[in-house]
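Below is one structure; the comments refer to it alone.
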Amino acid sequence: MDQPSGRSFMQVLCEKYSPENFPYRRGPGMGVHVPATPQGSPMKDRLNLPSVLVLNSCGITCAGDEKEIAAFCAHVSELDLSDNKLEDWHEVSKIVSNVPQLEFLNLSSNPLNLSVLERTCAGSFSGVRKLVLNNSKASWETVHTILQELPDLEELFLCLNDYETVSCPSICCHSLKLLHITDNNLQDWTEIRKLGVMFPSLDTLVLANNHLNAIEEPDDSLARLFPNLRSISLHKSGLQSWEDIDKLNSFPKLEEVRLLGIPLLQPYTTEERRKLVIARLPSVSKLNGSVVTDGEREDSERFFIRYYVDVPQEEVPFRYHELITKYGKLEPLAEVDLRPQSSAKVEVHFNDQVEEMSIRLDQTVAELKKQLKTLVRSKKL
């Protein structure tokens, strides 16, 4: 069978990790010794292969000799093949099937949408726990095939794939804990909710840089859709309502939220944004990457009460009444000027006379003497 034109995985591997380019280091697992091979073989007598192989942007189009891959890569656990020219899933399968310890695979920015992933090929990925398919334009059909054949998949990256909709498979994937699906065009909540159906054990959902415009779901339904969700990123989404923020309280295990760059928060100051969000999300312990301390939470909740104290009752959020029950009604904070004094009034006693004068507190002793001298002279006249 003819090999695809271009550079093979094995050719690039030999070039990058040859003794000339990757000096041999002693120690277990630091190098792989391969016996001398027939003349003309691309293998060196010795290659120094770490367990993590990075072969991105190398122009790889095909696997190469599978026996050589098996000889070199038996110990490899992580493989980065991003930004190559792999367009045939069969070639990817030839590589992966000969790397038995592989747990992490990055296939980002390869034109794999040009071929169909068959289940027999996907079966060679069965040991992979973390799979990156960013900017691969992988279809949902391809994703479904992968989910069926990777029973231990825990992390999946599907960013930059131009998704406008989500297609549900017939079988749920209970192993997946983390899903990155940023920089797509998922605007409607009806599409996002499908992710909860597909991945019921999801712990972390990263939806940044999508255009989600609202969270349209009853509270009890949200709890059922994402029962294990601990972290969600809605960075640069299209959320415009405080009701959408309140909806996040329906996720029973939610602890971490990212909400930077959403239209709702644009009119507020930096301080107002953080404090108003913290006050509305009592169970969240980390906001935008920063831990919410007990002190910050109390300050934010008190700030929230004062922020809405003069708002008409029909416009006050429900959370306001909860916090009033907790803290009671709070008076506005007194305005205290903590700037240092710049002047003072003093009494000057001389020749049985008493004069009041204002002096600058930052002046020198010589300047004060001059001011006193002027005052005394004027009174003598």
Side-chain angles (χ1 to χ4, degrees), residues 159 163-164 166 179-196 202 204-223 225-226 229-293 296-324 326:
C159 310
Y163 297 137
E164 295 183 357
V166 174
L179 176 64
H180 276 253
I181 193 165
T182 69
D183 297 278
N184 285 288
N185 193 26
L186 299 171
Q187 301 183 36
D188 199 338
W189 177 256
T190 57
E191 303 305 321
I192 303 302
R193 75 184 311 279
K194 295 174 186 176
L195 299 175
L202 204 60
T204 301
L205 176 58
V206 185
L207 289 166
N209 296 317
N210 279 282
H211 303 286
L212 178 65
N213 47 39
I215 301 176
E216 298 170 332
E217 191 82 33
D219 293 350
D220 57 343
S221 180
L222 279 176
L225 278 172
F226 295 94
L229 193 66
R230 186 194 56 81
S231 175
I232 188 169
S233 173
L234 295 165
H235 178 62
K236 290 190 176 179
S237 64
L239 298 181
Q240 302 182 51
S241 168
W242 281 112
E243 284 71 22
D244 293 320
I245 307 304
D246 293 336
K247 288 279 186 183
L248 299 177
N249 289 311
S250 300
F251 299 128
K253 295 185 179 180
L254 193 67
E255 298 176 355
E256 181 176 357
V257 175
R258 291 180 182 268
L259 286 169
L260 291 173
I262 64 173
L264 168 66
L265 299 178
Q266 294 308 309
Y268 299 90
T269 66
T270 301
E271 179 188 28
E272 289 171 343
R273 292 171 191 170
R274 185 167 178 85
K275 288 186 173 179
L276 293 177
V277 171
I278 289 174
R280 284 181 179 265
L281 301 176
S283 298
V284 168
S285 57
K286 185 179 286 188
L287 177 63
N288 298 330
S290 298
V291 173
V292 179
T293 64
E296 184 183 21
R297 175 160 297 286
E298 181 174 344
D299 288 345
S300 298
E301 291 176 345
R302 289 178 176 275
F303 178 90
F304 188 90
I305 292 174
R306 293 188 173 99
Y307 187 87
Y308 285 102
V309 70
D310 294 324
V311 173
Q313 281 298 304
E314 61 273 14
E315 298 178 20
V316 170
F318 180 73
R319 181 64 176 155
Y320 173 83
H321 300 292
E322 291 181 332
L323 293 176
I324 287 293
K326 181 177 181 180

- Verdict with supporting geometry, Glu298 and Arg302, salt bridge (Lys or Arg N to Asp or Glu O under 4.0 Å): CA-CA 6 Å; Glu298 181 174 344; Arg302 289 178 176 275; 3.1 Å; yes
- Check against salt bridge (Lys or Arg N to Asp or Glu O under 4.0 Å), Glu301 and Arg319: CA-CA 9 Å; Glu301 291 176 345; Arg319 181 64 176 155; 3.2 Å; yes
- Query: Passes side chain to side chain contact (heavy atoms under 4.5 Å, CB included), His321 versus Val316? Steps please.
  - Reply: CA-CA 8 Å; His321 300 292; Val316 170; 4.0 Å; yes
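Relative orientation of the Tyr268 and Tyr307 rings is tilted, given thresholds of 30° and 60° on the angle between their planes.
A donor and an acceptor atom, one from each side chain of Thr269 and Glu271, are nowhere located under 3.5 Å apart.
Checked by atom type and distance alone, the side chain of Asn184 never pairs as donor or acceptor with a backbone atom of Glu164 at under 3.5 Å. In this structure, the side chain of Arg297 engages the main chain of Ile278 through a donor-acceptor pair within 3.5 Å. Between the side chain of Asn209 and the main chain of Asp183, no donor-acceptor pair closer than 3.5 Å is present.
Minimum heavy-atom separation, Leu276 to Phe303: CD2-CE2, 4.1 Å. Here the shortest heavy-atom pairing between Val206 and Thr182 reads CG1-CG2, 3.4 Å. Across every non-hydrogen atom of Pro282 and Asn249, the tightest pair is CD-OD1, 3.4 Å. Closest approach of Ala223 and Pro252 over heavy atoms only: CA-CD, 3.9 Å.
Look at Arg280 and Asp246 and you find a salt bridge, because one of the NZ, NE, NH1 or NH2 atoms lies within 4.0 Å of a carboxylate O, short of that distance. With respect to Arg230 and Glu256, a salt bridge is recorded, a charged nitrogen being found less than 4.0 Å from a carboxylate O. A salt bridge does not link Lys275 with Glu296: none of the charged nitrogens is closer than 4.0 Å to a carboxylate oxygen.
Residue Ile181 holds its CD1 atom at 10.0 Å from CD of Glu191, rounded to the nearest 0.5 Å. Taken to the nearest 0.5 Å, the CG atom of Leu260 stands 8.5 Å off from the CZ atom of Arg273. Of the inter-residue distances, the one linking Ile324 atom CD1 with Glu322 atom CD reads 11.5 Å to the nearest 0.5 angstrom. For the atom pair Leu207 CG and Ser233 OG, the distance stands at 7.5 Å (nearest 0.5 Å). Between atom CG of residue Leu229 and atom CD of residue Glu255 there is a gap of 10.5 Å, rounded to the nearest 0.5 Å. Atom OG of Ser231 sits about 11.5 Å away from atom CZ of Phe251, to the nearest 0.5 Å.
The one candidate from Ile215, Val284, Val277 that meets the side-chain contact (heavy atoms from CB on, under 4.5 Å) condition with Leu248 is Ile215.
Remark: aromatic rings of Trp242 and Phe304 are distant, center separation not under 6.0 Å.
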